[in-house]
J.: 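Quick one: the structure is below, questions incoming.
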Amino acid sequence: MRKAARKQSPFRQLEFFFDEPIISQLPPARELQDRARSLLRALDAGILTDRVRVEWNERMRTTVGRADFRRCLVSLNPALQEFGAAEIDRTLRHELAHLLAHFRFGKRRIRPHGGEWRKACCDLGISGERAGHTLPLIGRSLPRQFIYHCQNCQGHFPRVRRIRRATACLACCREFSGGNYDERFRLRLVKSSSSRNFPRF
Ligand SMILES: [Zn+2]
Ligand SMILES: [Zn+2]
(Lines give C-alpha, C1' and ligand atoms only; values in the text may rest on other atoms or scores of the structure.)
(Ligands and ions follow the chains in the order given, each with its own letter.)
Protein backbone atom coordinates (compact mmCIF):
# COMPACT_ATOMS: atom_id res chain seq x y z
CA MET A 1 0.00 0.00 0.00
CA ARG A 2 1.27 3.39 -0.86
CA LYS A 3 0.60 5.96 1.78
CA ALA A 4 -0.10 9.55 1.14
CA ALA A 5 0.86 12.60 3.10
CA ARG A 6 -1.47 15.54 3.41
CA LYS A 7 0.21 18.33 1.62
CA GLN A 8 -0.70 20.29 -1.42
CA SER A 9 0.50 18.85 -4.67
CA PRO A 10 3.46 20.69 -6.12
CA PHE A 11 2.54 19.32 -9.52
CA ARG A 12 -0.05 20.48 -11.94
CA GLN A 13 -2.31 18.03 -13.59
CA LEU A 14 -1.65 17.14 -17.17
CA GLU A 15 -3.45 19.68 -19.30
CA PHE A 16 -2.96 20.84 -22.82
CA PHE A 17 -3.67 24.44 -23.50
CA PHE A 18 -5.04 25.61 -26.80
CA ASP A 19 -6.39 29.00 -27.75
CA GLU A 20 -9.43 28.53 -25.61
CA PRO A 21 -10.37 24.98 -24.76
CA ILE A 22 -8.42 22.56 -22.62
CA ILE A 23 -7.96 18.83 -23.01
CA SER A 24 -7.67 16.80 -19.88
CA GLN A 25 -6.97 13.22 -18.98
CA LEU A 26 -7.16 10.42 -16.49
CA PRO A 27 -5.86 7.36 -18.33
CA PRO A 28 -8.58 4.74 -18.75
CA ALA A 29 -8.30 1.82 -16.31
CA ARG A 30 -8.38 -0.50 -19.31
CA GLU A 31 -5.20 1.05 -20.62
CA LEU A 32 -3.46 0.60 -17.25
CA GLN A 33 -4.71 -2.96 -17.05
CA ASP A 34 -3.25 -3.72 -20.47
CA ARG A 35 0.04 -2.28 -19.32
CA ALA A 36 -0.07 -4.37 -16.14
CA ARG A 37 -0.71 -7.52 -18.14
CA SER A 38 2.13 -6.94 -20.55
CA LEU A 39 4.50 -6.30 -17.64
CA LEU A 40 3.41 -9.52 -15.95
CA ARG A 41 3.51 -11.51 -19.18
CA ALA A 42 7.16 -10.61 -19.61
CA LEU A 43 7.81 -11.99 -16.12
CA ASP A 44 6.01 -15.31 -16.62
CA ALA A 45 3.50 -14.51 -13.93
CA GLY A 46 1.20 -17.36 -14.98
CA ILE A 47 -2.51 -17.01 -14.26
CA LEU A 48 -1.94 -13.69 -12.55
CA THR A 49 -1.31 -12.18 -15.99
CA ASP A 50 -4.84 -12.88 -17.20
CA ARG A 51 -6.54 -12.32 -13.88
CA VAL A 52 -5.11 -8.99 -12.88
CA ARG A 53 -7.50 -6.06 -13.03
CA VAL A 54 -6.94 -2.36 -12.51
CA GLU A 55 -9.56 0.13 -11.34
CA TRP A 56 -9.82 3.78 -10.39
CA ASN A 57 -11.46 3.93 -7.00
CA GLU A 58 -13.02 7.24 -6.08
CA ARG A 59 -13.55 6.18 -2.47
CA MET A 60 -9.85 6.01 -1.68
CA ARG A 61 -8.81 8.91 0.48
CA THR A 62 -5.58 8.29 2.35
CA THR A 63 -3.73 5.94 0.04
CA VAL A 64 -2.87 6.29 -3.61
CA GLY A 65 -2.78 2.58 -4.37
CA ARG A 66 -3.97 -0.75 -3.03
CA ALA A 67 -3.47 -4.40 -4.01
CA ASP A 68 -6.08 -7.08 -3.31
CA PHE A 69 -4.59 -10.59 -3.63
CA ARG A 70 -7.86 -12.48 -3.60
CA ARG A 71 -9.38 -10.45 -6.40
CA CYS A 72 -6.08 -9.84 -8.24
CA LEU A 73 -7.14 -6.23 -8.20
CA VAL A 74 -5.08 -3.05 -8.18
CA SER A 75 -7.05 0.00 -7.04
CA LEU A 76 -5.74 3.45 -7.79
CA ASN A 77 -6.79 6.77 -6.34
CA PRO A 78 -7.99 9.18 -9.06
CA ALA A 79 -6.23 11.95 -7.14
CA LEU A 80 -3.06 10.57 -8.70
CA GLN A 81 -4.03 12.64 -11.69
CA GLU A 82 -2.51 15.56 -9.86
CA PHE A 83 0.91 13.95 -10.05
CA GLY A 84 1.08 13.10 -13.70
CA ALA A 85 1.63 10.00 -15.78
CA ALA A 86 4.96 9.00 -14.21
CA GLU A 87 3.53 8.72 -10.69
CA ILE A 88 0.49 6.83 -11.94
CA ASP A 89 2.81 4.35 -13.62
CA ARG A 90 5.03 4.02 -10.56
CA THR A 91 2.09 3.46 -8.25
CA LEU A 92 0.69 0.85 -10.64
CA ARG A 93 4.01 -1.01 -10.54
CA HIS A 94 4.29 -0.68 -6.76
CA GLU A 95 0.92 -2.38 -6.33
CA LEU A 96 1.61 -4.95 -9.04
CA ALA A 97 4.77 -5.88 -7.13
CA HIS A 98 2.55 -6.81 -4.15
CA LEU A 99 0.49 -9.11 -6.37
CA LEU A 100 3.57 -10.57 -8.02
CA ALA A 101 5.34 -11.27 -4.72
CA HIS A 102 2.20 -12.90 -3.40
CA PHE A 103 1.83 -14.96 -6.57
CA ARG A 104 5.41 -16.18 -6.29
CA PHE A 105 5.63 -16.74 -2.54
CA GLY A 106 2.07 -16.63 -1.30
CA LYS A 107 2.20 -20.12 0.16
CA ARG A 108 4.31 -18.83 3.00
CA ARG A 109 4.13 -15.68 5.00
CA ILE A 110 5.96 -12.76 3.54
CA ARG A 111 6.24 -9.25 4.85
CA PRO A 112 4.29 -6.70 2.80
CA HIS A 113 7.36 -4.68 1.82
CA GLY A 114 10.01 -7.34 2.43
CA GLY A 115 12.65 -8.85 0.18
CA GLU A 116 10.16 -10.68 -2.05
CA TRP A 117 8.33 -7.46 -2.75
CA ARG A 118 11.57 -5.54 -3.38
CA LYS A 119 12.66 -8.21 -5.85
CA ALA A 120 9.31 -7.91 -7.62
CA CYS A 121 9.73 -4.13 -7.77
CA CYS A 122 13.13 -4.67 -9.32
CA ASP A 123 11.65 -6.99 -11.95
CA LEU A 124 8.93 -4.44 -12.67
CA GLY A 125 11.43 -1.70 -13.29
CA ILE A 126 11.11 0.29 -10.08
CA SER A 127 14.14 -0.89 -8.14
CA GLY A 128 14.71 1.24 -5.08
CA GLU A 129 10.99 1.71 -4.48
CA ARG A 130 10.41 2.06 -0.75
CA ALA A 131 7.47 1.22 1.42
CA GLY A 132 7.61 4.53 3.16
CA HIS A 133 7.59 6.49 -0.04
CA THR A 134 4.90 9.09 0.27
CA LEU A 135 3.17 11.30 -2.18
CA PRO A 136 1.97 14.68 -1.08
CA LEU A 137 -1.56 13.64 -1.88
CA ILE A 138 -4.38 15.95 -1.21
CA GLY A 139 -6.19 14.39 1.72
CA ARG A 140 -9.68 14.59 3.08
CA SER A 141 -9.44 18.33 3.23
CA LEU A 142 -9.88 18.54 -0.53
CA PRO A 143 -12.21 15.84 -1.80
CA ARG A 144 -12.87 15.60 -5.52
CA GLN A 145 -15.96 17.73 -5.62
CA PHE A 146 -16.75 17.58 -9.29
CA ILE A 147 -16.74 14.63 -11.60
CA TYR A 148 -16.73 15.10 -15.33
CA HIS A 149 -17.49 12.49 -17.94
CA CYS A 150 -16.43 11.84 -21.52
CA GLN A 151 -19.34 10.40 -23.47
CA ASN A 152 -17.06 8.81 -26.00
CA CYS A 153 -14.70 6.66 -23.84
CA GLN A 154 -16.91 6.77 -20.71
CA GLY A 155 -13.92 8.08 -18.76
CA HIS A 156 -14.44 9.98 -15.50
CA PHE A 157 -12.42 13.02 -14.48
CA PRO A 158 -12.61 14.02 -10.82
CA ARG A 159 -11.75 17.61 -10.11
CA VAL A 160 -11.42 19.70 -7.02
CA ARG A 161 -12.79 22.75 -8.77
CA ARG A 162 -15.46 23.37 -11.29
CA ILE A 163 -14.05 23.56 -14.80
CA ARG A 164 -14.60 27.02 -16.18
CA ARG A 165 -13.23 26.64 -19.67
CA ALA A 166 -14.26 24.16 -22.32
CA THR A 167 -12.28 21.01 -21.57
CA ALA A 168 -12.10 17.82 -23.58
CA CYS A 169 -10.87 14.28 -23.00
CA LEU A 170 -7.22 14.06 -23.98
CA ALA A 171 -7.26 10.37 -24.84
CA CYS A 172 -10.15 10.76 -27.27
CA CYS A 173 -8.78 13.96 -28.81
CA ARG A 174 -5.51 12.18 -29.39
CA GLU A 175 -7.10 9.13 -30.87
CA PHE A 176 -9.79 10.69 -33.04
CA SER A 177 -8.85 14.27 -33.79
CA GLY A 178 -5.10 14.37 -34.06
CA GLY A 179 -4.64 15.82 -30.58
CA ASN A 180 -6.82 18.84 -31.31
CA TYR A 181 -9.69 19.97 -29.17
CA ASP A 182 -12.91 18.41 -30.38
CA GLU A 183 -16.32 19.44 -29.10
CA ARG A 184 -17.54 15.84 -29.36
CA PHE A 185 -15.22 14.88 -26.50
CA ARG A 186 -16.06 17.81 -24.28
CA LEU A 187 -16.26 16.84 -20.61
CA ARG A 188 -19.70 17.09 -19.00
CA LEU A 189 -20.33 17.51 -15.30
CA VAL A 190 -22.04 14.40 -13.92
CA LYS A 191 -21.62 14.78 -10.15
CA SER A 192 -20.95 17.68 -7.86
CA SER A 193 -20.15 17.80 -4.16
CA SER A 194 -23.80 17.72 -3.16
CA SER A 195 -24.06 14.10 -4.32
CA ARG A 196 -23.07 11.43 -1.88
CA ASN A 197 -22.60 8.57 -4.28
CA PHE A 198 -19.55 8.99 -6.42
CA PRO A 199 -19.32 6.60 -9.33
CA ARG A 200 -16.69 3.89 -8.99
CA PHE A 201 -14.40 3.41 -11.90
ZN1 LIG B 1 2.97 -1.16 -0.75
ZN1 LIG C 1 -12.75 10.16 -23.85
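Whatever order the structure lists ligands and atoms in, that order sets their numbers, starting from 1. These figures come from a predicted structure and were not determined experimentally. When a residue number appears, it is its place in the shown sequence, counting from 1.
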J.: Counting only pairs under 3.5 Å, give me each side-chain donor-acceptor contact of residues 119-126, with atom names and distances, residues two or more places apart or in other chains.
T.:
unit_1 : atom_1 : unit_2 : atom_2 : d
K119   : NZ     : D123   : OD1    : 2.9
K119   : NZ     : D123   : OD2    : 2.9
D123   : OD2    : R104   : NH1    : 2.9
D123   : OD2    : R104   : NH2    : 2.9

J.: For the Zn ion (ligand 1), give me the closest N/O/S atom belonging to H113, just the atom name.
T.: NE2
J.: Flag the pair H102 / R70 as yes when at least one side-chain heavy-atom distance between them is below 4.5 Å, and no otherwise.
T.: no
J.: Output yes when D34 and R30 qualify as a salt bridge under the 4.0 Å nitrogen-oxygen rule, no when they do not.
T.: no
J.: Are E116 and R109 close enough for a salt bridge, meaning some N to O gap below 4.0 Å?
T.: no
J.: Ion pair present between R90 and E87, side-chain N to carboxylate O less than 4.0 angstrom?
T.: no
J.: Which other residues end up in the same hydrophobic cluster as F176, if Ile, Leu, Val, Met, Phe, Trp and Tyr are linked when side-chain heavy atoms come under 4.5 Å apart?
T.: F185
J.: Using a cut-off of 2.8 Å, how many protein N, O or S atoms lie below it in distance from the Zn ion (ligand 2)?
T.: 4
J.: Taking side-chain hydrogen bond (donor to acceptor under 3.5 Å, both in side chains) as the definition, give me every residue that meets it alongside D50, ordered by chain and number, with sequence neighbours left out.
T.: none
J.: Which atom, among the N/O/S set of H98, is closest to the Zn ion (ligand 1)?
T.: NE2
